[in-house]
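Below is one structure, written out as structure tokens; comments come after it.
Naming convention: chains lettered A, B, ... in sequence-line order (proteins, then strands); numbering from 1 in each chain.
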Amino acid sequence: MAAPETSPTPSSLRNAFGHVFSFFILILIGVLAFSIRLFSVIKYESVIHEFDPYFNYRVTQFLTKNGIYDFWNWFDDRTWYPLGRVIGGTVYPGLTLTAGTLWWLLNSLNIPLSVETVCVFTAPIFSAFASWATYLLTKEVKGAGAGLTAAALLAMVPSYISRSVAGSYDNEAVAIFALIFTFYLYIKTLNTGSLFYATLNSIAYFYMVCSWGGYTFIINLIPMHVLLCIVTGRYSSRLYIAYAPLVVLGTLLAALVPVVGFNAVMTSEHFASFLVFIIIHVVALVYYIKGILSPRMFKVAVMLVLSVGLVICCTVVAVLIALVASSPTKGWSGRSLSLLDPTYASKYIPIIASVSEHQPPTWPSYFMDLNILAFLVPAGIVACFLPLSDASSFVILYIVTSVYFSGVMVRLMLVLAPAACIMSGIALSGAFDVLTRSLKFQLPGTSEIFASDAVDTGSESVILNKDGAKEDKSEDSVKERPSKKSKKKEKEKEKEKEKEKEKEKENAGTLSSRSHAGTSSRRPLVLPVEASVIAIFLLVLLVAFYVVHCVWAAAEAYSAPSIVLTSQSPDGLHVFDDFREAYAWLSHNTDVDDKVASWWDYGYQTTAMANRTVIVDNNTWNNTHIATVGTAMSSPEKAAWEIFNSLDVKYVLVVFGGLVGYPSDDINKFLWMVRIGGGVFPHIKEPDYLRDGQYRIDSQATPTMLNCLMYKLSYYRFVETDGKGFDRVRRTEIGKKYFKLTHFEEVFTTHHWMVRIYKLKSPRNRIRGKTKKSKSKSSSTISSKSSRTRKKNPWN
Amino acid sequence: MARSSTAKDAQALIQSLRSAYAATPTNLKIIDLYIIFAVSTALIQVVYMALVGSFPFNSFLSGVLSCVGTAVLAVCLRIQVNKENKEFKDLPPERAFADFVLCNLVLHLVIMNFLG
């Protein structure tokens, strides 16, 4: 891992060898990052996963079929019926454009891959790129050894794997690469002060804006870092070159992306960067004037400038605050607000809170997703502090902010993962560095000097020796101040060593190692041979555990496509392919223009796989529309029929896991439908569906619950399966077993009952049947009926 | 009393500023002029926007950001070619200028795209 650093003799040949070696390691890391994500293809098949990827896949298909101009102007009339959706202007195009370009490139090279294959493998390819970008970033911060370690860690960090297995074709797949690469270019610009890298930086930022809404993280983190540098007195002209062009070019480029547009200058997520942009100009001017004036005159100037500058700043700030305060949400969008105030979403926006990946994470999920990185991070932070440079302060800021954000939303664990990898890479490579070096010094040849060195008298020579060796070594590192750096590095090593020793004490607990630790903690420069051997062994063991965990996570935990489910039982492997069965039924047996209503989770899949128009989908842009569907699902059959009929719906699709024990079905999501529906239509009240605050579907359930459409559609004829109606997810017998549907008819139920499709009965038959029975009363009942339903039906 | 002393201070300050600035090389002075020109153009546009309104907002934005961007890039160039900056000793002015041109090219390509 610390390949280039193991060469003690200053020979250029060895350096070259080190470079080639690390190049090969990088290639292997790329291969590893790619291949560890292929478990899903091997264990299942090459399919697109989950929900959002289906939409992205559909957009990519459209792009490859119709070209880029039609893509920008695409108005999709197959979703959000009857509203439709402007896809070109509401989608982050980075991912689709990337995959589309990839497909086009392969096809023009006469490699005829299908669009789906390209989409499936986009994420693994980009995770290889992401690990290379991590290498570059960490190399800028702490040298090549740390870079290689961090890249290897990132290639298999479970948190990132969970979002980038083959088939999970989502924005994050390319966005994490873009994020890390943008940070790398920022640090590179900061270290070199080259305008060329600043240009590249803003282009990388553009790519990030194209790919993911998380770009606001960059445009807030970099100003924070700049501000930190200014406040701690680390302003330099390199900082100016790194920041000022980025703001101007980055803002312009971000405004080019249709989905961002004028938001790039209008919303307050971006205001921090403008404020810091002004501040850095003031600071730059101050430093310039300080440079050309004598100290005494400078004091006078400070007085004058301060009084004038303060007034200007105050007015600017006042104007900004007034602007921001005048907008209703204070200019912040809901998702960003829920980042700052974690309780915001659950209080005001049930649609955001209802998504499981927007919930705060639990503690075990940190260990699951980061594993050993979770406790290597503090060591990395310490290592970053010891020679605090601009770059390392940036990485520290990155990890601190991302830890906070990951604590707010599970999804943002993904942003934390690269930071954690970088930190752990620094920590691990630092530790290995110390240990291997102390081994090297004590191996034959130099051992005589150190034999007497348990006492502190000889340690001076150690320092000298080491400094000499260090200087040679630092030639291949990129930093500009070799001597300073090596001294500081030494301090860092001490810290690492102490940590190591503590670990040893805990783990090995042998007498010898403890005594060694005692002697060397006085002048902890070189560890005794035994101690370092043991420590290296333990570290390798630790990393091995990490690798095992990652492979397990990749193979078992995160590879399920969730479109095809499997379960392992004593009599073999069961495959539940009900979703595709149902969508195939829809596409073969219904009319092209039929509208299918379902809860919004299945909207993308229905449009992509069944090619049918849906009422709501996973792009939750219209809360009222979703609330309408939620209201229909939680209303009694008749009211629901009226709502659906007013929306032109022909088929209703529900997902039901009670027969096979599939827990994320519609009954478990039902309370969210009630909440979201009740948020817009107040006659739906959550307490009506709860018995003493408990959500239940057995005989204790409330009548409202037992009569609502969702219950009926889920459990219709369910009792026929086993005679009792035992729900395997809720682990109870259902409350109401025998009932008939009056306004809906079952048209299709999949093999394992996971998807049930109902058709709305046509109204004419029903009315004729009724009018036959009660001819005389018909007119009055109908009129009273319509007046009654008017309250319930929002579409009248 | 205090007023006169600040006035005197200000005078002395301006004097020393002027003398210090007179020592800067001509090429830096040219860059300074260029920066001042760009910034004042941006200011004129802002004033015009305040008078007339910001209706084609993208045009206004690209106009102002074009000027601000040019100014910022020129400041970067000035920092890099300034002999007194020790940080950029090993950066030849030709390289700095090439970077500057490249960055400007990108900036104005973007602006042309955005203007529309």
Q. What part of B:S19 gets closer than 4.5 Å to chain A, counting heavy atoms only: side chain, backbone, both or neither?
A.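 Neither; nothing under 4.5 Å.
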Q. Non-hydrogen atoms of chain A under 4.5 Å away: do they reach the side chain of B:L17, the backbone, both or neither?
A.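 Contact with chain A involves both backbone and side-chain atoms of B:L17.
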As an exercise: rank [options] by heavy-atom pairs under 4.5 Å with chain B and give me the winner.
options: A:S237, A:S202, A:A198; answer: A:S237
options: A:T251, A:V265, A:L256; answer: A:L256
options: A:V248, A:L195, A:T199; answer: A:L195

Q | Atom OH of B:Y21 with >12 non-hydrogen neighbours under 6.0 angstrom | A |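 For B:Y21, atom OH is crowded (more than 12 foreign heavy atoms under 6.0 Å).
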Out of curiosity, [X] [atom1] to [Y] [atom2], how far, rounded to the nearest 0.5 Å?
X: B:D90; Y: A:T192; atom1: CG; atom2: OG1; value: 10.5 Å
X: A:L252; Y: B:S66; atom1: CG; atom2: OG; value: 8.5 Å
X: B:N82; Y: A:Y288; atom1: CG; atom2: OH; value: 7.0 Å

(Q) Is the shortest side-chain heavy-atom distance between B:V72 and A:H281 below 4.5 Å? (A) yes
Q: Flag the pair A:Y197 / B:D99 as yes when at least one side-chain heavy-atom distance between them is below 4.5 Å, and no otherwise.
A: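 No; the side chains remain at least 4.5 Å from each other.
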Q) Any donor and acceptor pair, going by atom type alone, linking the side chain of B:Q80 with main-chain N or O of A:I241 inside 3.5 Å? A) no
Q: Under 4.5 Å heavy-atom distance to chain B, tell me which part of A:Y243 shows up: side chain, backbone, both or neither.
A: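 When you check distances to chain B, no heavy atom of A:Y243 falls under 4.5 Å.
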**Q.** Heavy-atom contact with chain B under 4.5 Å, split by part of A:F262
**A.** side chain
